[in-house]
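Here is the structure we will look at.
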Amino acid sequence: MARYCNITCQKRAWSGHKRECKCLRSLLPRIPTDSVRLAARLIFALLSPSKSNTEELYTLEEHESHLSSMSEQKKQGLFQLASMLQLYLQQEVPDPAQEMTSALPPSCQEPLNLIAKVTCNCFTISDGELQEIGVGLYPSLSLLNHDCRPNCVMVFEGTKLQLRAVQDINPEEELTISYIETLSLTEDRQRQLEEQYHFTCHCQRCDCQDTDRLMLSGEESASRLLKEALPKLEGLRTESDWQALLESCRHLLSTVGGDVPEENLYKLRMTDMAVDAFIQLGLWEEALGYGKKTLPAYRQYYPDPHPVHGVQLMRVGKLQHYLENIKDAFDTFRQAYEILKLTHGDDHPLTAELLMKMKECRTEMDQ
């Protein structure tokens with residue numbers, strides 16, 4: 001449940017992990033959810049306050065729990081998480097009612113309220129390539145509002161969260177971020193925001209539904225078949241059954257994929273999964289071929305500068321470089337850099353890696 005890249009990393013994490021270690025062991029064989037562990041870490045931090053975190057964490061008082069607008073079914077799920085939190089804390093916080101009352105802001109003292117605030121306001125932590133690796137609480141940035149085409153993006157460097165502008169922003173103009181992955185139809189984005197964050201989005205993109213027609217382009221029956229196959233394919237990817245995933249993607253894309261363009265949302269998702277499978281199975285030429293097919297759609301759906309487009313370009317560039325398509329790789333890396341220097345910044349490890357790749361390409365082209 002707690003794994004570290006090396007002993008140095010483990011030692012550095014020990015001050016935060018030592019209390020939850022006992023809690024995790026006491027709960028075995030049950031495993032707490034990320035939100036339960038995060039809520040417990042918040043409690044531990046406030047029970048042992050330091051100058052660096054107490055003031056920031058107390059801003060949770062300003063955040064909504066949205067309990068009053070939740071369905072009974074969702075509340076029941078949160079009740080179960082709150083019960084697990086109390087059970088999880090027993091080893092380290094024997095009298096949670098008294099200790100939480102003294103340590104936490106008033107609206108966070110009930111386990112249910114705390115869990116609700118954590119689940120509604122936490123961020124998914126990702127690595128430089130936007131792969132999910134955990135969850136975290138950043139109370140100040142949780143106050144930012146959502147837009148499906150925001151003027152800012154959030155980029156992580158380890159657990160440090162940076163807010164970076166991706167559009168020109170006028171004085172006193174509101175800063176916005178996207179709470180969700182935006183590669184979805186308007187109806188699906190609005191439903192997810194309603195279910196998870198309890199509001200209906202009426203941003204400009206939602207009101208004009210500007211990309212929906214393109215996302216659904218092609219023959220309707222073929223598009224529906226691809227859509228219906230995606231949950232099973234996601235399951236295969238979760239299970240790391242790469243061979244079965246690849247065979248299914250290949251079959252569907254060869255039989256019905258030709259009836260919809262590359263910009264079709266469901267074909268794009270399936271093509272991306274095929275790229276993952278090709279890479280995991282070491283089929284580099286095929287991975288490159290499929291990866292290149294995704295780039296026009298990424299450019300369309302993630303207007304530059306967008307980190308998702310930049311990371312996808314870098315991914316394709318690495319395949320080109322590995323296959324010794326040096327000039328193509330350099331050009332793709334250059335396009336990625338034009339994006340990542342804005343979305344990540346020159347000091348970010350991913351941008352540094354990209355610059356190193358470009359330098360390698362130049363050296364190889366000069367030989």
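The basis for the numbers below is simple: all heavy atoms, side chains too, and nothing from hydrogens, waters or symmetry mates.
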Glu262 meets the side chain to side chain donor-acceptor pair (under 3.5 Å) criterion, sequence neighbours left out, with Lys267
Is the number of heavy atoms from other residues, nucleotides or ligands within 6.0 Å of CE (Met365) greater than 12?
yes
Of all heavy-atom pairs between Leu342 and Arg164, which one has the smallest distance, and what is that distance?
O-NE, 2.9 Å
With a 6.0 Å cut-off (strictly less than), is the heavy-atom count around NZ of Lys18, excluding the residue itself, greater than 12?
no
Which pair of heavy atoms, one from Leu175 and one from Cys152, lies closest together, and at what distance?
CD2-SG, 4.0 Å
Do Leu268 and Tyr301 make a side-chain contact, defined as non-hydrogen atoms from C-beta onward lying under 4.5 Å apart?
yes
Asp328 side, atom CG; Leu319 side, atom CG - distance, nearest 0.5 Å:
12.5 Å
Beyond-backbone contact of Leu236 with Met273, side-chain heavy atoms, under 4.5 angstrom:
no
Report yes if the side chains of Glu247 and His251 come closer than 4.5 Å at any heavy-atom pair, otherwise no.
no
Short side-chain donor-acceptor distance under 3.5 Å, Tyr298 and Asp304
no
Mind checking whether Arg250 and Ser254 have side chains closer than 4.5 Å, heavy atoms only?
no
Could you tell me whether a side-chain N or O of Gln190 sits under 3.5 Å from a main-chain N or O of Cys201, the two making a donor and an acceptor?
yes
Considering residues, nucleotides and ligands other than Glu110, do more than 12 of their heavy atoms fall under 6.0 Å from its CD?
no
Do Leu233 and Met270 touch side chain to side chain, with heavy atoms closer than 4.5 Å?
yes
Does the side-chain contact (heavy atoms from CB on, under 4.5 Å) test come out yes or no for Leu144 and Leu163, once each step is laid out?
CA-CA 10 Å; Leu144 294 174; Leu163 183 71; 3.8 Å; yes
Would you call the rings of Phe333 and His321 parallel, tilted or perpendicular, where under 30° means parallel and over 60° means perpendicular?
perpendicular
When you measure from the side chain of Lys74 to the backbone N and O of Glu195, does any donor-acceptor pair fall under 3.5 Å?
yes
Roughly how far apart are His348 NE2 and Leu355 CG, rounded to 0.5 Å?
13.0 Å
Flag the pair Thr211 / Arg205 as yes when at least one side-chain heavy-atom distance between them is below 4.5 Å, and no otherwise.
yes
Please assess Leu67 against Leu78 for the test side-chain contact (heavy atoms from CB on, under 4.5 Å), listing each intermediate value before the final yes or no.
CA-CA 9 Å; Leu67 279 170; Leu78 290 177; 4.1 Å; yes
Side chain to side chain, Phe123 and Ile177, heavy atoms closer than 4.5 Å
yes
Arg25 versus Gln91: any side-chain heavy-atom pair under 4.5 Å?
no
I'd like to know if Val118 and Leu87 are part of one continuous hydrophobic network [Ile/Leu/Val/Met/Phe/Trp/Tyr, side-chain heavy atoms within less than 4.5 Å].
yes
List the steps, then state whether side-chain contact (heavy atoms from CB on, under 4.5 Å) holds for Trp242 with Asp276.
CA-CA 8 Å; Trp242 303 111; Asp276 288 341; 4.0 Å; yes
Just checking, is any N or O donor in the side chain of Gln90 or Gln86 under 3.5 Å from an acceptor N or O on the other one?
no
State whether Asp34 and Arg37 are salt-bridged, where the test is any N-O pair (Lys NZ or Arg NE/NH1/NH2 against Asp/Glu carboxylate O) under 4.0 Å.
no
Using a 6.0 Å distance limit plus a 45 degree cone around the ring axis, check whether Lys293 lies over the aromatic ring of Tyr290.
yes
Ionic contact status for Arg237 with Asp272, cut-off 4.0 Å
no
Could you check whether any side-chain N or O of His63 sits under 3.5 Å from a backbone N or O of Pro139, counting only pairs where one atom can act as donor and the other as acceptor?
yes
Using 0.5 Å steps for rounding, measure from the CG atom of Asn325 to the CG atom of Asp331.
12.0 Å
Assign the ring pair Tyr302 / His306 to parallel, tilted or perpendicular, where the plane angle (0 to 90°) is split at 30° and 60°.
tilted
CD (Glu220) with more than 12 external heavy atoms under 6.0 Å:
no
Within the side chain of Asn121, is there an N or O that forms a donor-acceptor pair under 3.5 Å with the backbone of Glu64?
yes
Between Thr294 and Gln312, is there a side-chain donor-acceptor contact under 3.5 Å, judged purely by atom types and distance?
yes
Working to the nearest 0.5 Å, report the span between OG of Ser248 and CD of Gln243.
10.0 Å
Once you measure the plane-to-plane angle for His146 and Phe199, does it fall in the parallel (<30°), tilted (30-60°) or perpendicular (>60°) bin?
tilted
Main chain of Thr176, side chain of Asn151: is a donor-acceptor contact present, judged purely on distance under 3.5 Å?
yes
For the backbone of Lys359 and the side chain of Thr363, can you confirm whether one donor and one acceptor N or O come within less than 3.5 Å of each other?
yes
Given 3.5 Å as the limit, does a donor-acceptor pair link the side chain of Asn113 with the main chain of Ser65, or not?
no
Stepwise side-chain contact (heavy atoms from CB on, under 4.5 Å) check, Tyr179 with Gln196
CA-CA 10 Å; Tyr179 293 173; Gln196 193 169 348; over 6 Å; no
Answer yes or no: does atom CD of Glu228 have more than 12 heavy-atom neighbours from other residues, nucleotides or ligands under 6.0 Å?
yes
Grouping I, L, V, M, F, W and Y whenever their side-chain heavy atoms are under 4.5 Å apart, do Leu46 and Ile43 come out in a common cluster?
yes
For Ala277 and Leu246, work out which heavy atoms get closest and say how close.
CB-CB, 3.8 Å
Looking at Ile115 and Ala39, what are the two nearest heavy atoms and their distance?
CD1-CB, 4.0 Å
Could you list the residues that satisfy salt bridge (charged side-chain N to carboxylate O under 4.0 Å, His left out) with Arg149, not counting sequence neighbours?
Asp210
Check the surroundings of atom CD in Glu285: do more than 12 heavy atoms from other residues, nucleotides or ligands lie under 6.0 Å from it?
no
Cys203 to Asp147 - nearest heavy-atom pair and separation
CB-OD2, 3.6 Å
Above 12 or not: heavy atoms from other molecules or residues under 6.0 Å from CD of Glu219?
yes
Asp347, CG: over 12 other non-hydrogen atoms inside 6.0 angstrom
no
Joint hydrophobic cluster, Ile180 plus Val311, side-chain heavy atoms closer than 4.5 Å
no
Is Arg191 salt-bridged to Asp188, cutoff N-O under 4.0 Å?
yes
Could you tell me whether the side chain of Ser178 and the main chain of Cys148 form a donor-acceptor pair under 3.5 Å?
no
Test your reading of the model: is there a side-chain donor-acceptor pair from Thr351 to the backbone of Lys341, 3.5 Å cut-off?
no
Following the transitive rule for hydrophobic clusters with a side-chain heavy-atom cut-off under 4.5 Å over Ile, Leu, Val, Met, Phe, Trp and Tyr, establish whether Tyr266 and Leu225 coincide in one cluster.
yes
